[in-house]
*Asks:* 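Following this message is one structure expressed as structure tokens.
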Amino acid sequence: MAVTQRRGRRIMMTPDELDEFLSTQRTCRVATVSPDGAPHLSTLWFAWDGTSLWLYSITRSKRWADLRNDPRIAVVVDAGEEYGELRGVELTGSVEFIGEIPRTGEEQVPELETPEQLFARKNFGMDQMPHDGRHGWLRLTPKAIASWDFRKLAAQ
């Protein structure tokens, strides 16, 4: 994974800060490319396993159709209200479709054990992932990550 920041290195997150931020935030914004080239932006919950961002998406969504056509994606996770509080991460790359589609939980998929546990605990307060037969898993192992934490400006 590449650090894509030439500017802003003073406010970029360390690897530990990045892991902590992505492990505790719930909501991300997902940008996909439609067949006509138009961007499409949507919001999802996610799980971070320290290497990959896991997205649990409705399989009949525009987002899913866009990614089936073109797996390139950009994801932003951000927080803060005031300028000095702003922090966030942009992850870019291509997604992989993991497990049965849609996910029913009937099929054992070893790759999904960790992300499903992380996702269920963070978003539902449960130890096991509830499956509704409408969602499927997307894995983004980012090719590039850019981060910022404006709280670091006060220390400079």
Side-chain angles (χ1 to χ4, degrees), residues 1-6 8-33 39-59 61-68 70-81 84-105 107-132 134-152:
M1 154 177 47
V3 174
T4 59
Q5 294 176 241
R6 293 172 195 236
R9 286 190 182 269
R10 295 178 305 154
I11 60 170
M12 69 186 276
M13 294 182 191
T14 66
D16 287 342
E17 291 168 338
L18 185 81
D19 278 337
E20 188 276 331
F21 183 74
L22 291 174
S23 295
T24 58
Q25 296 298 308
R26 288 177 71 179
T27 306
C28 66
R29 287 140 192 88
V30 176
T32 59
V33 182
H40 175 68
L41 192 61
S42 57
T43 305
L44 280 176
W45 283 349
F46 68 93
W48 173 253
D49 68 6
T51 304
S52 297
L53 194 76
W54 292 85
L55 305 166
Y56 197 54
S57 174
I58 293 179
T59 60
S61 65
K62 178 169 178 29
R63 168 185 50 252
W64 192 273
D66 285 351
L67 291 167
R68 275 290 191 203
D70 183 344
R72 294 177 299 162
I73 193 170
V75 177
V76 170
V77 181
D78 59 349
E81 296 295 323
E85 301 170 344
L86 298 178
R87 58 193 175 127
V89 179
E90 178 190 30
L91 307 99
T92 57
S94 295
V95 297
E96 298 172 82
F97 298 81
I98 307 294
E100 81 250 39
I101 299 169
R103 180 86 169 124
T104 62
E107 181 182 314
Q108 289 289 90
V109 182
E111 281 180 283
L112 292 176
E113 286 179 19
T114 297
E116 286 188 344
Q117 186 177 55
L118 292 169
F119 193 92
R121 283 183 181 161
K122 182 165 78 168
N123 296 309
F124 303 124
M126 304 169 76
D127 287 330
Q128 292 189 337
M129 185 73 187
H131 300 285
D132 62 8
R134 297 176 36 219
H135 290 77
W137 283 104
L138 303 165
R139 176 176 55 200
L140 169 61
T141 303
K143 290 186 180 170
I145 294 180
S147 66
W148 58 93
D149 186 346
F150 286 19
R151 298 173 307 172
K152 292 181 177 188

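Every value quoted in this text rests on a predicted model; they were computed, and no experiment measured them. Below, all heavy atoms of this structure are taken into account, side chains as well, without hydrogens, waters or symmetry copies.
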*Asks:* Check whether any side-chain heavy atom of Pro102 lies under 4.5 Å from a side-chain heavy atom of His135, and answer yes or no.
*Replies:* no
*Asks:* Atom CG in Asp78, atom OG in Ser147: separation rounded to 0.5 Å?
*Replies:* 12.5 Å
*Asks:* Under the side chain to side chain contact (heavy atoms under 4.5 Å, CB included) criterion, do Val89 and Ile145 qualify, and how do the steps go?
*Replies:* CA-CA 7 Å; Val89 179; Ile145 294 180; 3.6 Å; yes
*Asks:* Got a donor-acceptor contact below 3.5 angstrom from the Lys152 side chain to the Met12 backbone?
*Replies:* yes
*Asks:* How about Leu118 and Trp54: do any of their side-chain heavy atoms sit closer than 4.5 Å?
*Replies:* no
*Asks:* Below 4.0 angstrom, N of the basic side chain to O of the carboxylate: do Arg151 and Glu17 qualify?
*Replies:* no
*Asks:* Counting only heavy atoms not in Glu81, do more than 12 fall under 6.0 Å of its CD?
*Replies:* no
*Asks:* Of all heavy-atom pairs between Ala47 and Pro115, which one has the smallest distance, and what is that distance?
*Replies:* CB-O, 4.0 Å
*Asks:* For Phe21 and Trp48: C-alpha separation, side-chain torsions, deciding distance, then whether ring pair (Phe, Tyr, Trp, His ring centres under 6.0 Å) applies.
*Replies:* CA-CA 10 Å; Phe21 183 74; Trp48 173 253; over 10 Å; no
*Asks:* Are the side chain of Glu85 and the backbone N or O of Ala79 linked by a donor-acceptor pair below 3.5 Å?
*Replies:* no
*Asks:* Could you tell me the separation between the CD1 atom of Ile58 and the CG atom of Asp132, rounded to the nearest 0.5 Å?
*Replies:* 7.5 Å
*Asks:* Tell me if a side-chain donor or acceptor on Lys122 pairs with a main-chain N or O of Gln25 at a distance below 3.5 Å.
*Replies:* yes
*Asks:* State which residue, out of Tyr56, Trp64, Phe46, fulfils the side chain to side chain contact (heavy atoms under 4.5 Å, CB included) condition with Leu138.
*Replies:* Trp64
*Asks:* Nearest heavy-atom pair of Gly99 and Val109: which atoms, and what distance?
*Replies:* CA-CG2, 4.0 Å
*Asks:* CZ of Arg29: more than 12 outside heavy atoms within 6.0 angstrom?
*Replies:* yes
*Asks:* Could you measure the distance from the CD1 atom of Ile73 to the NE2 atom of His40? Nearest 0.5 Å is fine.
*Replies:* 10.5 Å
*Asks:* Working to the nearest 0.5 Å, report the span between CG of Leu67 and NZ of Lys62.
*Replies:* 10.0 Å
*Asks:* What's the separation between atom CG in Leu86 and atom CD1 in Ile11, rounded to the nearest 0.5 Å?
*Replies:* 9.5 Å
*Asks:* Could you pull out the closest heavy-atom pair between Cys28 and Val30, with the gap in Å?
*Replies:* SG-CG2, 3.8 Å
*Asks:* Not counting sequence neighbours, which residues clear side-chain hydrogen bond (donor to acceptor under 3.5 Å, both in side chains) with Arg121? List them please.
*Replies:* Asp127
*Asks:* Nearest heavy-atom pair of Thr104 and His131: which atoms, and what distance?
*Replies:* O-CB, 3.4 Å
*Asks:* A side-chain contact here means heavy atoms from C-beta on lying under 4.5 Å apart; do Leu112 and Met129 qualify?
*Replies:* no
*Asks:* Provide the closest heavy-atom pair for Thr27 versus Val77 in the form atom of the first, atom of the second, distance.
*Replies:* O-CG1, 3.8 Å
*Asks:* Nearest heavy-atom pair of Arg87 and Met13: which atoms, and what distance?
*Replies:* CB-CE, 4.0 Å
*Asks:* Do we see a donor-acceptor contact under 3.5 Å between the side chains of Glu116 and Trp137?
*Replies:* yes
*Asks:* Just so I know, are the side chains of Leu55 and Arg63 near enough to count as touching, which here means a heavy-atom distance under 4.5 Å?
*Replies:* no
*Asks:* Can Asp70 and Thr32 be said to form a side chain to side chain contact (heavy atoms under 4.5 Å, CB included), step by step?
*Replies:* CA-CA 8 Å; Asp70 183 344; Thr32 59; over 6 Å; no
*Asks:* I need the Arg68 CZ to Thr59 OG1 distance, nearest 0.5 Å.
*Replies:* 9.0 Å
